[in-house]
Colleague: 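My questions will all concern the structure given below.
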Amino acid sequence: MTTRGAHTRYATRPPASGPAPGAGAGRRLLQVAALAATVPYLALKAAWLSGSHLGIPAGSLLLEPRPFFTVLNSLTLAMDACVILLVLVLTRPWGKRAPSWLLIVPVFVATGLLTPIVLAFPGQLLIRGLGFGAVPAGRGGLKPFLDPWVFNVVYTGFIVQGLALAGLFVPYARQRWGRIGQGVPGERLPSSTGVVAAAAAAAGLMVAGVHAYWAFGGTAGLQADRAAAYSAQRGVVSAVHGMCALAAGLGAWLLARGGKRRARWAPALAWTGSAATLCWGLWMLIGSLGPELDGGEGPSAGVLLIYAGQMVTGSLAVLVLTRFLAARREG
């Protein structure tokens, strides 16, 4: 059985002793920022569930009473409320005793859902500020389903949540699990894992290629209304999803091939890329089951295939990352 001897001195190092990671003013600032950033989204979701039309323009499908919207609003409210619990786990002494899986799963989901927003929304604002983000006249046939200010408020809150959670989780993980994710990759993983990594890299490259094509205005595989409503802002979103898929595949390949040079970014690429690709692929696939909020057509077969491809890429990269971390714990 292949071993990971080069990892021994990292995997067996006990967590650092002393004060909690990030203790002090910086940690408290991140805690307050993360908690405060949940308020706008939670308030909006609570208002909508109570029957308010705040931020919803006339003619929006969100004004129609549909069970799908009620379930979706309840689910997303609960998901954002979990951020509060996550912050407490990462900052309170009792959080160090929480089962690993109970922490890692929500952090993985939060990483996956927030990373594309953290990367794409500032890019969209920049493009809009430069005057390149508008849909050409006569081509914007999709109806708005939320007022523009809602996106600005909510996405800004998501960005703050993502950055604050990352700032809290990284030092927490270093203290609790030592340096299991750092150091050199070590020996090559077993050939079976190498095959999975190669599949992840190939799938990620394919998904990234399609997203890059759409990002620069390509229309093949898109439904007609989406193709007609292309803008540079939409292109940024496609570009970010392509980057995440590429990161997932590249991270998996780097972890599987091993090596003696320090590659501290490989686990980060695999974690972040797989989380973003898997979670957003699944989230968009779930969203496709409901009505189109902007009144357009449902996703085409090509778009659904890309959602599935994102899920496959992310899942394969997760398998490689899991095998990599397990091997380091055994080393």
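In what follows, residues are counted from 1 in the order of the sequence shown. As a basis for the values below, the full set of heavy atoms in this structure was taken, side chains included, without hydrogen atoms, waters or symmetry mates.
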Colleague: Should Leu54 and Phe145 be regarded as members of a common hydrophobic cluster, given that ILVMFWY residues are connected when their side-chain heavy atoms come within less than 4.5 Å of each other, either directly or indirectly?
Modeller: yes
Colleague: Taking atom CZ as the centre, does Phe216 end up with more than 12 heavy-atom neighbours from other residues, nucleotides or ligands that are less than 6.0 angstrom away?
Modeller: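 It does not: Phe216 CZ has 12 such atoms or fewer within range.
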Colleague: Tell me whether Arg174 forms a cation-pi arrangement with Trp177, defined as NZ or CZ under 6.0 Å from the six-membered ring centre and within 45 degrees of its axis.
Modeller: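 Checked: cation-pi criterion not met.
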Colleague: For Gly112 and Trp280, which heavy atoms make the closest approach, and how far apart are they?
Modeller: O-CD1, 3.0 Å
Colleague: Parallel, tilted or perpendicular: which describes the rings of Phe158 and Tyr41, with under 30° parallel and over 60° perpendicular?
Modeller: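 Tilted, since the angle between the ring planes falls between 30° and 60°.
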Colleague: So with a 6.0 Å cut-off around OH of Tyr155, is the heavy-atom count from everything else above 12?
Modeller: no
Colleague: Give the intermediate values and the outcome of side chain to side chain contact (heavy atoms under 4.5 Å, CB included) for residues Val89 and Leu102.
Modeller: CA-CA 10 Å; Val89 171; Leu102 196 59; over 6 Å; no
Colleague: Quick one: closest heavy-atom pair of Ala220 and Trp214, and the distance?
Modeller: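 Residues Ala220 and Trp214, closest heavy atoms: O-NE1, 2.9 Å.
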Colleague: Evaluate the side-chain proximity of Thr272 to Cys244: yes if any heavy-atom separation is below 4.5 Å, no if none is.
Modeller: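 They are not in side-chain contact.
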Colleague: Would you say Leu35 ends up clustered with Val160 if hydrophobic residues are merged whenever their side chains have heavy atoms under 4.5 Å apart, either directly or through other cluster members?
Modeller: no
Colleague: Please name the pair of heavy atoms, one in Ser288 and one in Leu304, separated by the smallest distance, quoted to 0.1 Å.
Modeller: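 Shortest heavy-atom contact: OG-CD2, 3.8 Å.
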Colleague: Do the non-hydrogen side-chain atoms of Val210 and Val207 ever get within less than 4.5 Å of each other?
Modeller: no
Colleague: Are any of the side-chain heavy atoms of Arg323 and Leu255 separated by less than 4.5 Å?
Modeller: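 Answer no - side chains too far apart.
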Colleague: Please check if the number of heavy atoms outside Trp149 that lie under 6.0 Å from its CH2 is greater than 12.
Modeller: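 Yes, CH2 of Trp149 has more than 12 neighbouring heavy atoms, counting only those of other groups under 6.0 Å.
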Colleague: Report yes if some heavy atom in the side chain of Leu246 is under 4.5 Å from a heavy atom in the side chain of Leu250; otherwise report no.
Modeller: no
Colleague: Relative to each other, are the rings of His241 and His211 parallel, tilted or perpendicular (30° and 60° limits)?
Modeller: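 Tilted.
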Colleague: Return the minimal non-hydrogen interatomic distance between Gly251 and Leu269, and the atom names on each side.
Modeller: CA-CB, 4.0 Å
Colleague: Would you please say whether a donor-acceptor pair under 3.5 Å links the side chains of Arg226 and Tyr230?
Modeller: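 There is no such pair (donor and acceptor under 3.5 Å, judged by atom type) between the side chains of Arg226 and Tyr230.
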Colleague: If two hydrophobic side chains count as joined below 4.5 Å and joins carry through other members, does Val237 share a cluster with Tyr307?
Modeller: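 Different clusters: Val237 never reaches Tyr307 through Ile, Leu, Val, Met, Phe, Trp or Tyr contacts under 4.5 Å.
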Colleague: Please identify which of these residues, Leu125, Leu119, Val118, meets the side-chain contact (heavy atoms from CB on, under 4.5 Å) condition with Phe121.
Modeller: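 That would be Leu125.
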Colleague: Quick one: do Leu75 and Leu62 end up in the same hydrophobic cluster if we chain Ile, Leu, Val, Met, Phe, Trp and Tyr together by side-chain heavy atoms under 4.5 Å apart?
Modeller: yes
